[in-house]
Trainee: 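One structure coming up, written as structure tokens, with questions to follow.
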Amino acid sequence: MTSSEPSSQKFSETFGHTERDLRVPQPFESPLYISPPLLPDREEYFSSLKEIFSSRTLTNMGQFHKKLESGIAARIGFGHVSLWNNGTIALIGALSQLELKGEVIVTPYTFPATVHAIALLGLTPVFADIDPWDMTLSAASVSDRITRKTSGILGTHIYGQPCDTASLHQIGKDNSLRIIYDGAHSFGRHQPIFSDEPGALGDVTMLSFHATKLFHSVEGGALITEDLDLDKRFRLARNFGIKAEDDVEGVGLNGKMSELHAAMGVHVLDKIDAEIEKRALLADEYISRLTGINGIRIVAGQGPSRQYFVIRIDAKAFGSSRNELHLSLREMNIMSRRYFYPLCSDIDVYAHLPSAKNLPNAKQAAEECLVLPLNGIMDSNAVGRVCETIMWHRKKKVSQSFL
Ligand code: T4K
């Protein structure tokens, strides 16, 4: 018996075959991105551009803006919807109208824009930890962070998974706090994204329509609120506070969506149900191939939201860290993303805050989550190749550990 035989035996016991069966996957010919933009029919978009050219109305709430705003409102089915030029400006506009002061409790497990919106208004972000299972803001951790200076709570519906809105609503009510939701990832479902339970929208929910979102207008965003008075203030705030030609009410900014962007949104909106169907089939393929693999947990993409397909890697059980897997996928031209790493509380400008420490669940999520490609221009064969690459990587790492 040679010295390598016991490890070979252990390897084949683990995987049901030997190291020699490990086939190196072929890299994709061109980069496979997680969510390249969904494009409308070119001729239809061009014909809308012709209309825009003829009308010479390029921005300031023209006809395409109105059409998109009402199309989105109809799809959501309740609340008041205002369109904005991107999600970040919409969030800043919303926070600016809520008369917040002092501290706003926020999730660290989000895109930096969420926390920057608080900081840019001169407010102090206070980080609370997330729930280890769905990775949204933990209501218990929020309660622990409330002080006399707290004026609001900002949660992110991460990967389109809703926050615990019922508990946060109650906390907001009990402590007279504003509740704001960053729903940047939430517009990826057939049905309206939010239930009509009291408090499901918070005081306001923001949506992002960036090109990489399932629904997009190249750049864009929206605010949804059930409070008519707030909606009026948001509309003023997005247009410099201008109420009429000779009447400026309050402080505002330029949050208007152009006609060219709105026309893109109008045509993309027509295509999103078909895109959701395609993504659902691809997600099913991922699920059937990845379920049951030691160390992999599917955390988003298999439910009603098809914005992202996300797995979590338990390095010990999987035999490799998330980062090592990410690098292997990149070598094969599979452009996985480590959303949301680094954690916002670890970014230089926030790391000094007392609340930036002791966020164990968020820290672990930032080290373990990996977003895989999920979009209607890939096919199930591509999903198969991604999964085979994941398996190949795992076997390679485990076989190395046997040496
Ligand atoms: N809150 C949350 C929770 C958010 O996730 C976001 C944005 C916001 C707030 C702010 O909303 P916006 O102000 O953006 O409306 C991307 C998006 O730019 C950003 O909108 C999104 N979240 C974030 C999660 O993803 P990056 O820096 O990762 O983008 P980038 O350029 O690396 O692109 C991502 C991938 O998409 C790349 O692999 C290439 C591919 N891609 C990208 C673009 C722009 C394309 O194939 N085509 C394209 O046109 O932020």
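Each ligand, and each atom within it, is numbered from 1 in the order the structure gives.
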Trainee: Within the 4.5 Å heavy-atom criterion, are Leu214 and Ile276 side-chain neighbours or not?
Mentor: yes
Trainee: Is it the side chain, the backbone, both or neither of Ala113 that has a heavy atom closer than 4.0 Å to ligand 1?
Mentor: side chain
Trainee: Can a non-hydrogen atom of Pro31 be found less than 4.0 Å from any atom of ligand 1?
Mentor: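 Judged by the 4.0 Å heavy-atom criterion, Pro31 does not count as contacting ligand 1.
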Trainee: Geometry only, no angles: is Tyr308 polar-contacting ligand 1 at N/O separations under 3.5 Å?
Mentor: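 There is no such contact.
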Trainee: Is ligand 1 under 4.0 Å from a heavy atom in the side chain of Thr114, in the backbone, in both, or in neither?
Mentor: side chain
Trainee: Between ligand 1 and Tyr339, is the shortest N or O to N or O distance under 3.5 Å?
Mentor: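 Looking only at distances, the answer is yes, because the N/O contact criterion of under 3.5 Å is met.
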Trainee: Nearest heavy atom to atom 3 (C) of ligand 1 wins, so pick from Met335, His116, His185.
Mentor: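 Result: the heavy atom closest to atom 3 (C) of ligand 1 is in His185.
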Trainee: Taking distance alone, with N or O pairs closer than 3.5 Å, would you say Asp182 contacts ligand 1?
Mentor: yes
Trainee: Please write down residue, atom name and distance for the protein heavy atom closest to atom 45 (C) of ligand 1.
Mentor: Pro37 CD, 3.7 Å
Trainee: How far is atom 15 (O) of ligand 1 from the closest protein heavy atom, and which atom is that?
Mentor: Ser208 OG, 2.7 Å
Trainee: Looking only at side chains, do Thr57 and Glu259 share a donor and an acceptor under 3.5 Å apart?
Mentor: no
Trainee: Does any donor atom in the side chain of Thr225 or Asp227 lie under 3.5 Å from an acceptor atom in the other side chain?
Mentor: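 No - no donor-acceptor pair under 3.5 Å links their side chains.
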Trainee: On a heavy-atom basis, which atom in Leu282 and which in Asp379 lie closest, and how many Å separate them?
Mentor: CD2-C, 3.5 Å
Trainee: Please find out if less than 6.0 Å separates the ring center of Phe340 from that of His185.
Mentor: yes
Trainee: Just need the protein heavy atom nearest to atom 34 (C) of ligand 1, so name the residue and atom and give the distance.
Mentor: Arg337 NH1, 3.4 Å
Trainee: Is the His116 to Tyr350 ring centre distance short of 6.0 Å?
Mentor: yes
Trainee: Taking the basic N atoms (NZ, or NE/NH1/NH2) and the acidic carboxylate oxygens, is any pair closer than 4.0 Å for Glu324 and Lys397?
Mentor: yes
Trainee: Starting from atom 20 (O) of ligand 1, find the nearest protein heavy-atom neighbour and note its residue, name and distance.
Mentor: Lys213 NZ, 3.1 Å
Trainee: When you compare the side chain of Lys173 with that of His169, does any pair of heavy atoms fall below 4.5 Å?
Mentor: yes
Trainee: Of all the atoms in ligand 1, which lie at a distance below 4.0 Å from a heavy atom belonging to Gly220?
Mentor: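 That gives atoms 15 (O) of ligand 1.
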Trainee: Show me which atoms of ligand 1 lie under 4.0 Å from any heavy atom of Thr110.
Mentor: 3 (C)
Trainee: Going by the rule side-chain hydrogen bond (donor to acceptor under 3.5 Å, both in side chains), which residues pair with Arg178 if we only count those two or more places apart in sequence or in a different chain?
Mentor: Asp203
Trainee: Checking Gln170 now: which residues fulfil side-chain hydrogen bond (donor to acceptor under 3.5 Å, both in side chains) with it, not counting sequence neighbours?
Mentor: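 side-chain hydrogen bond (donor to acceptor under 3.5 Å, both in side chains) check on Gln170 returns Asp174.
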Trainee: Checking a contact table here: which protein heavy atom is nearest atom 10 (C) of ligand 1, and how many Å away?
Mentor: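 I find the closest protein heavy atom is Thr88 OG1, 3.4 Å.
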Trainee: At a 4.0 Å threshold, what atoms of ligand 1 neighbour a non-hydrogen atom of Ala184?
Mentor: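 It comes down to these atoms of ligand 1: 1 (N), 2 (C), 3 (C), 4 (C), 6 (C), 9 (C).
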Trainee: Report yes or no: do His326 and Ser336 form a side-chain donor-acceptor pair below 3.5 Å?
Mentor: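 Result is yes, a qualifying pair exists.
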Trainee: Is there a polar contact between ligand 1 and Gly87, counting only N or O atoms under 3.5 Å apart?
Mentor: yes
Trainee: Consider ligand 1: state whether an atom of it lies below 4.0 angstrom from any non-hydrogen atom of Ile34.
Mentor: no
Trainee: Which residue from Trp84, Phe111, Tyr33, Tyr109 reaches closest to atom 8 (C) of ligand 1 through any of its heavy atoms?
Mentor: Phe111
Trainee: What atoms in ligand 1 come closer than 4.0 Å to a heavy atom of Pro36?
Mentor: 46 (O)
Trainee: Would you call Glu69-Arg235 a salt bridge at under 4.0 Å N-O?
Mentor: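 Salt bridge: yes.
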Trainee: Donor-acceptor pair, distance only, cut-off 3.5 Å: does the side chain of Ser55 make one with the backbone of Ile52?
Mentor: yes
Trainee: Can you find an N/O atom of Glu219 closer than 3.5 Å to an N/O atom of ligand 1?
Mentor: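 In this structure, Glu219 places no N or O atom under 3.5 Å from an N or O of ligand 1.
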Trainee: Given the protein's heavy atoms, is any one of them under 4.0 Å from atom 12 (P) of ligand 1?
Mentor: yes
Trainee: Is the closest N or O pair between Ser35 and ligand 1 shorter than 3.5 Å?
Mentor: no
Trainee: Would you check if the side chain of Arg238 reaches a backbone N or O of Trp84 as a donor-acceptor pair within less than 3.5 Å?
Mentor: no
Trainee: May I ask you to identify the nearest protein heavy atom to atom 36 (O) of ligand 1, giving residue, atom name and distance to one decimal place in Å?
Mentor: Thr212 CG2, 3.4 Å
Trainee: Any non-hydrogen atom of Gly221 lying under 4.0 Å from ligand 1?
Mentor: no
Trainee: Return the closest protein heavy atom for atom 18 (O) of ligand 1 as residue, atom name and distance.
Mentor: His210 CE1, 3.0 Å
Trainee: Would you mind listing which atoms of ligand 1 come within a distance below 4.0 Å of any non-hydrogen atom of Met206?
Mentor: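 Here the atoms of ligand 1 in question are 9 (C).
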Trainee: If only side-chain N and O atoms count, and only distance matters, is there a donor-acceptor pair under 3.5 Å linking His393 with Ser320?
Mentor: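 Distance-only check passes for Ser320 and His393.
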